[in-house]
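Below is one structure, written out as C-alpha cells; comments come after it.
All values reported here derive from a predicted model rather than from experimental measurement.
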Amino acid sequence: MRNSFIKTLMEQARQDDRIFLLCGDLGYSVLEPFAEAFPDRFINVGIAEQNMVGLAAGLSLEGYTVFCYSIGNFPTLRAMEQIRYDVAYHDTNVKIIAVGGGYAYGPLSTSHHTTEELGMLRTIPNMVVTAPGDPAEVDGMTAFIAQHRGPCYMRLNKAGEPRLHAQPPALTLGGIVPVHVNHGATAAVFATGDMVGYAARYLEKSAPHIDLYSFPFVNPIDTAQLAALAARYTQVAT
Amino acid sequence: MTDTFDAASTTELARRIRLQCLHMCHTKRASHLGGAFSVADVLAVLYGGVMTADPAQPKSPQRDRLFYSKGHACTALYATLAETGYYDRAALDTFTDNDSDFTSHVNHKVPGVELSTGSLGHALSVAAGVALAGKRRQAAWHTYAIVSDGELDEGSNWEAILFAPHHRLDNLTLVVDYNKIQSFGSTAEVLNLDPLADKFKAFNWETIEVDGHDHAALAAALSKQGRGGKPRVVIAHTVKGKGVSFMENQLAWHYKSPDAAQFAAARAELLQELKDQA
C-alpha cells in the first residue's frame with residue numbers, strides 16, 4: 001500500500017504544485033522518489049511529530065496541501081492535540097498518513113501496534129478518517145484526499161497486500177466500495193483497511209456466496225448508502 | 001502602519017491596551033490580567049510601528065504575521081487589535097459572551113488573529129511552517145511568535161527551536177515574555193529556565209535580551225533588518241502585572257479579576273501615568 005501511496009502522490013504533485021510532503025525521519029526506501037522529484041516540497045523534519053503537524057498547519061495556512069508521513073501511532077497519538085487544534089479546528093489542508101496500521105508491524109511489538117487511532121480520530125469534528133482496503137483503493141484515496149479541501153487521515157498497511165480491484169474504485173466522500181457481490185446473496189461482510197484483504201481471502205476459500213464490502217471511509221460514512229446496503233441482506237458481519 | 005516607530009505613540013498605545021485589558025477583566029470577571037500587562041509593551045511596539053500590517057485588510061498577503069502562542073493573555077491581543085483599528089472598540093464588549101468570537105483564549109475568527117491558541121507550545125511550530133512557506137516563496141514579509149516563559153516548559157516548543165535554525169528561518173522572530181512567574185509559582189521555583197539566553201544561543205538562534213518595557217530597545221530588537229541566516233529570539237525581561245503597582249510581580253494576578261475598588265485604583269494609576277507624562 002505504501003508504494004501505491006507514493007506513486008499516486010507523485011502523480012498528484014506533478015499536477016498540483018501546492019502539494020508538500022513532511023516525514024518524521026521515516027520512509028527509507030519508500031519516500032526517496034518523491035524527495036528526488038520534488039526537493040523543494042519535501043522535508044524530513046526529524047523525530048518530532050508535534051512539530052511536524054504544527055509545521056504542516058503553518059504551511060497549509062500559506063496555501064500548501066501538506067502530507068505528514070510516519071509510522072504507526074507516531075503521526076497521530078504523538079501529535080493528537082496538534083491534529084485536533086492546529087489542523088482540524090482551523091480546517092487546514094493537512095493530510096496525516098500512517099503506514100503500519102493495525103498489526104502490520106506486529107513483530108515490532110506494542111509500541112508499533114496501531115489500534116486506537118481510528119477510534120480517536122473519528123471523534124474529532126471535521127476530520128475525514130480513511131482506511132483503504134487494498135493498493136487500488138489507496139491509489140484512489142490518495143488522489144481523493146489530495147483533491148479534497150480539508151483535514152484527512154489515511155491509514156495504510158505496509159506492502160504486498162493482495163489487489164482486490166483491477167482499477168482504483170471511484171470514491172465519493174463517505175462512499176462504500178463493493179469488493180465481491182454475488183447475485184442474490186443474503187449475507188455480507190463489511191470490513192475496513194487491512195481486514196478487507198483478510199476477509200476476501202477467507203470468504204473466497206470458505207464462503208464465496210457471502211458478499212464483501214470495503215469501507216475506506218471510517219468517518220464520514222454515507223449513511224443513506226449504508227442503510228440501502230444493509231436492507232439487502234438478512235445478515236451482516238463487521 | 002509600515003515599519004515606523006515613534007516611542008511617544010507606542011507608549012500611549014501600551015497605556016490604552018492596559019486600560020482595555022483592565023476593563024475587560026473587570027467587567028467580565030476574567031483571568032490572566034498579569035500576563036496581559038507584561039506583554040502590552042511588546043504588542044504596542046509590534047503593532048504600533050514595527051510590523052507591516054493593514055488593519056483594513058487583516059489577510060493582506062504582504063502583511064507580517066504574528067502568532068500569539070500565550071493565548072490565555074487574550075485581552076492584550078484583542079485590545080491591541082481594537083486600538084490599532086482592526087475592529088471597533090465596542091466589539092470588546094462581547095468578550096467571553098456566548099456566541100462571541102472574542103473567546104477567553106485568542107480565536108482566529110477575530111480579525112487580525114492568525115491562529116487560535118490556548119494550549120501552550122503549539123504556535124511556534126505553526127509560525128515556523130509559515131516562515132518556511134515565506135522562504136520558499138522568497139516573500140518579504142516576516143513572521144513573529146510570542147510565547148510565555150512557563151510555556152517554554154512544553155517540549156513541543158523545543159522541536160521547533162531545533163527546526164528553525166536548521167532550516168535557516170531568518171524571517172522568523174520569537175519573543176519570550178519573560179515575566180518570571182508562571183501559573184503556580186515562579187519560573188525559578190517550578191522549572192528553572194536559566195540561563196535562558198545561553199540555551200537559545202546553543203540552539204543556534206540569534207539571541208537578544210531586552211527590557212521588555214523599554215520601547216526603543218524593543219523596537220531595535222524586533223526590527224526585521226540585518227538578519228543573517230538565523231532565526232532571532234528576543235528575550236523580553238518583563239514584570240507580570242506591569243503598570244499597576246499592586247499587581248506587579250504577584251502570582252495572584254495571573255488569576256484574579258479586579259473588583260470595583262481594585263479596578264478604580266488600577267485605572268487611576270494608568271491614567272495618572274498620562275498626567276505625569278503631560
Side-chain angles (χ1 to χ4, degrees), chain A residues 13 16-25 35 38-68 70 74-75 77-96 124-126 151, chain B residues 58-67 69 71 103 105-110 113-139 141-145 147 154-169 171-172:
Chain A
D16 183 352
D17 64 4
R18 295 167 303 180
I19 288 178
F20 207 114
L21 175 62
L22 302 176
C23 78
D25 204 38
F38 310 104
D40 290 340
R41 294 194 266 148
F42 171 80
I43 296 184
N44 174 359
V45 305
I47 311 169
E49 293 78 13
Q50 292 180 76
N51 190 45
M52 176 170 66
V53 177
L55 290 171
L59 284 164
S60 164
L61 289 175
E62 293 298 327
Y64 287 98
T65 298
V66 190
F67 284 73
C68 294
S70 185
F74 309 147
L77 269 62
R78 202 63 180 257
M80 191 60 77
E81 211 186 52
Q82 279 77 7
I83 292 172
R84 171 188 187 272
Y85 203 28
D86 305 320
V87 172
Y89 182 61
H90 290 83
D91 196 33
T92 46
N93 213 19
V94 174
K95 328 292 177 176
I96 310 289
I124 296 178
N126 201 34
Chain B
K59 290 290 180 196
S60 154
Q62 296 81 34
R63 74 191 187 284
D64 290 332
R65 283 91 161 125
L66 184 135
F67 287 85
S69 200
T103 51
H105 285 77
V106 296
N107 201 298
H108 67 290
K109 292 166 192 170
V110 170
V113 178
E114 302 283 358
L115 190 78
S116 292
T117 58
S119 178
L120 298 171
H122 280 236
L124 183 58
S125 290
V126 181
V130 167
L132 187 65
K135 276 287 167 191
R136 284 288 184 276
R137 304 216 171 101
Q138 296 164 310
W141 46 262
H142 200 86
T143 303
Y144 291 91
V147 297
E154 288 285 358
S156 53
N157 293 298
W158 297 91
E159 293 178 17
I161 291 167
L162 279 170
F163 182 89
H166 184 80
H167 291 274
R168 303 182 60 81
L169 300 180
N171 57 346
L172 176 66

* **chain B contact via A/Y89 - side chain, backbone, both or neither, heavy atoms under 4.5 Å** => both
* Asked: Should B/R136 and A/E62 count as an ion pair when the cut-off is N to O under 4.0 Å?
  -> no
* To do: Counting only heavy atoms closer than 4.5 Å, note whether A/I43 contacts chain B via side chain, backbone, both or neither.
  => side chain
* Asked: Given side chains that start at C-beta, do those of A/I19 and A/F38 come closer than 4.5 Å, heavy atoms only?
  -> no
* By side chain to side chain donor-acceptor pair (under 3.5 Å), which residues pair with A/D91, not counting sequence neighbours? -> A/N126
* What residue, out of A/T92, A/D86, A/L61, has the most heavy-atom pairs lying under 4.5 Å from chain B? -> A/D86
For residues 48-59 of chain A, which side-chain N or O atoms pair as donor and acceptor with protein atoms under 3.5 Å away, sequence neighbours left out?
{"from": "A/Q50", "atom 1": "OE1", "to": "A/Q82", "atom 2": "NE2", "distance (Å)": "3.2"}
{"from": "A/N51", "atom 1": "OD1", "to": "B/S125", "atom 2": "OG", "distance (Å)": "2.6"}

* Max heavy-atom pair count under 4.5 Å with chain A, selected residue of B/P61, B/G134, B/S119, B/G118 -> B/S119
* Structure fact -> If one checks every heavy atom of B/H167 against chain A at 4.5 Å, the contacting part turns out to be side chain
* Asked: Can you tell if the side chain of A/H90 reaches within under 4.5 Å of the side chain of B/S116, non-hydrogen atoms only?
  -> yes
